[in-house]
Amino acid sequence: MVKKLSLLFLSILLFFSWSVINVNAQTATINANTVQQYIRGFGAANIIGWRDDMNSADRNTAFSVTNGLGFSVLRVRVSPNSADWAANQASIDAAKANGAMVIASAWSAPASMKTNNNTTGGNLSTSSYAAYATHLRNFCNTVSGIDAISPINEPNITVSYESMEMSATDVANFVAAQGNNCGAPIFAPEPFNMDQNFINQYLNNSGARSNTTYIAGHIYGASPTYFNPGKEVWMTEHYVDSNTNGNDWNKSMNVAKELHDCMNAGYSMYVWWYIKRYYGPIEEDGTITKTGYVMAHFARYVRPGFNKISCTASPSSNVYTTAYKKGTDLVIVAVNRNSSTVSQSFSLSNITASGFSTYTTTSSSNLASGSVSVSGSSFSVNLPGSSITTLVSGGGTTTPDPTAAPTNVVTQAPTSPPANLGDVNNDGSINIVDALLIAQYYVNLNPANFDANRADTNCNGSIDIVDALLIAQYYVGLISQFC
């Protein structure tokens, strides 16, 4: 009997879900009162010694918000050879002049400080902790403008190039002992696959936790996944397909979706790998690639100082939206992976806009400008097939004051939905039982084993029958994610 009732309820839910989705679910709902992670910025790495440095024109292309990509983060390498350091200064100065944050990662300590006396592989000698901290601090003193430093890049992988192989405990022990002596705030532990177990083990060391300002990792071989370690989470390295040119539009649309996913995962920063490379944002000849233009949709307009706010993540099939605010300024980024145009409707809550300037990139256009008017709290915008569009209301594109150090900004931990959103009975799966429990809760039946924190599947601040409908749609494969 229970099974029959469950199937009957599922049928009713699906019947109404088609009606609801046709009438309401196409709307992307933005709630400015649900403030999520602080945005540090978007950028790429300039790894001198492995690639040539950028020239003056390249730096303008990378960091200008008026005629370039508007990157607000530059990542550089701490060479184990101090003679290499000063070469970074010109690009660092250009980044800082445009309001960008500069972060530095070390791949290896000098060979003399390691267990294998080699800059490839091996571990940091415990007897060299103080010497290595001095090495990192000297780097920061040699090249002014470093806002944060990582003592080790990808410690949890074995490679044949400059590297150190360290456990989470190893990295934590160094940072606990010397993290305050490295010349800049620490971001760590930078695992290559954003391994949350590795990160959590690292943070179990109270000294390392105390000495770490930002949590960082890469997403090679991993999907962006929300977790809240109580500190900002940075994604400090990734690239999509090094075998495909950055002007390949299918690849660039994959980058657009990846950026969307990273923002929905609660990350405060997104950093591409090589800033100037055929598969990256700037071609070898200095021109902006399609991948670069896609990144500019975030970097130019979602500037440091914005916060992500609640926005329906996928209001329509293959349409993905995120929203950001700073004061009264509002920026929306919409990705349409359908082959045809989608008329996407939006609804604003707790924020107003009289209209938006729009910028759209397709396979045949780059940041093409337009405008959209707003009627009350609602508006619609045509998203061309296979495109990315940024909507800007207010002065969000202004360049931040480069003299205001980003590390002095008061931030809050991400408040994105939990990764297990929808699993209201905590059984490890999302199914029709979860929908039934939400329906019972909605009619005040007080179901047992009900976790209300996981029930608001459309992130509108309330639990109602729509949340149950969304779980039913998820259960039968009509949608693949919630808000």
Side-chain angles (χ1 to χ4, degrees), residues 19-37 39 256-257 259-261 263-264 294 297-298 300-302 306-338 340-362 367-397 416-417 456-462 464 466-467 469-470 473 479-483:
S19 301
V20 171
I21 197 168
N22 287 332
V23 176
N24 296 320
Q26 295 287 328
T27 298
T29 301
I30 296 168
N31 186 348
N33 275 1
T34 304
V35 180
Q36 299 172 341
Q37 75 267 23
I39 301 299
K257 179 59 164 52
L259 279 155
H260 168 90
D261 290 343
M263 293 300 98
N264 268 330
V294 162
H297 275 270
F298 289 86
R300 266 199 187 191
Y301 308 107
V302 187
F306 275 75
N307 279 82
K308 185 180 179 295
I309 57 178
S310 175
C311 178
T312 307
S314 183
S316 306
S317 177
N318 293 316
V319 174
Y320 305 94
T321 56
T322 53
Y324 312 83
K325 76 169 184 178
K326 182 178 72 173
T328 59
D329 295 345
L330 175 63
V331 175
I332 304 167
V333 183
V335 178
N336 179 16
R337 301 187 80 179
N338 294 288
S340 57
T341 297
V342 171
S343 179
Q344 181 60 57
S345 59
F346 290 84
S347 176
L348 304 179
S349 176
N350 300 304
I351 195 167
T352 60
S354 59
F356 291 88
S357 298
T358 64
Y359 306 90
T360 300
T361 297
T362 67
L367 294 172
S369 60
S371 62
V372 171
S373 60
V374 177
S375 175
S377 62
S378 301
F379 64 96
S380 295
V381 58
N382 286 329
L383 305 175
S386 189
S387 69
I388 179 170
T389 298
T390 299
L391 299 86
V392 179
S393 174
T397 60
S416 296
D456 182 16
T457 55
N458 62 355
C459 296
N460 68 349
S462 65
D464 52 36
V466 174
D467 298 304
L469 293 172
L470 288 171
Q473 292 174 31
I479 60 174
S480 60
Q481 61 182 20
F482 301 118
C483 58

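In this text, all values refer to a predicted model and were calculated from it rather than measured experimentally. This chain uses plain numbering: 1 for the first residue, then up along the sequence.
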Separation of T34 OG1 from N307 CG (nearest 0.5 Å)
12.0 Å
Contact check, side chains of F346 and V374, non-hydrogen atoms, under 4.5 Å
no
Minimum heavy-atom distance T358-S371, with the two atoms named:
OG1-N, 3.4 Å
Not counting sequence neighbours, which residues clear side chain to side chain contact (heavy atoms under 4.5 Å, CB included) with S380? List them please.
S343, S345
Mind checking the CG-OG1 spacing from L391 to T321? Nearest 0.5 Å is all I need.
10.5 Å
The reported gap from CG in N264 to CD in Q36 (rounded to nearest 0.5 angstrom) is 7.5 Å
Short side-chain to backbone donor-acceptor contact, T389 and A334, under 3.5 Å
no
Looking only at atom types and distance, does a side-chain atom of S347 sit under 3.5 Å from a main-chain N or O of T29, one as donor and one as acceptor?
no
For T362, all residues meeting side chain to side chain contact (heavy atoms under 4.5 Å, CB included), sequence neighbours excluded:
T360, S364, S365, P384, S387
Checking T322 now: which residues fulfil side-chain hydrogen bond (donor to acceptor under 3.5 Å, both in side chains) with it, not counting sequence neighbours?
Y324
If you apply the rule side chain to side chain contact (heavy atoms under 4.5 Å, CB included), what do you find for N336 with Q344, and how did you get there?
CA-CA 10 Å; N336 179 16; Q344 181 60 57; over 6 Å; no
Shortest non-hydrogen pair, I351 vs D329, comes out as CD1-O, 4.3 Å
Spacing of D456 atom CG and S310 atom OG [to the nearest 0.5 Å]:
8.0 Å
Is there a side chain to side chain contact (heavy atoms under 4.5 Å, CB included) between K326 and I39 once you walk through the steps?
CA-CA 10 Å; K326 182 178 72 173; I39 301 299; over 6 Å; no
Measure the spacing between CZ of F356 and OG of S373 and express it to the nearest 0.5 Å.
10.5 Å
Spacing of CG belonging to L259 relative to CD1 belonging to I388, to within rounding of 0.5 Å:
7.0 Å
For a 4.5 angstrom cut-off between non-hydrogen side-chain atoms, does H297 reach L367?
yes
Go through the structure and list residues passing side chain to side chain contact (heavy atoms under 4.5 Å, CB included) with N318, not counting sequence neighbours.
Y320, R337, N338
T312 side chain vs S314 backbone, donor-acceptor pair below 3.5 Å
no
Determine whether a donor-acceptor pair (N or O, by modelled atom type, separation under 3.5 Å) exists between the side chain of D467 and the backbone of T457.
yes
So L348 and L330, side chain to side chain contact (heavy atoms under 4.5 Å, CB included) or not? Walk me through it.
CA-CA 10 Å; L348 304 179; L330 175 63; 3.9 Å; yes
Within a strict 4.5 Å, meaning less than it, do heavy atoms of the K325 and I30 side chains meet?
no
S386: what forms a side-chain hydrogen bond (donor to acceptor under 3.5 Å, both in side chains) with it, not counting sequence neighbours?
W249
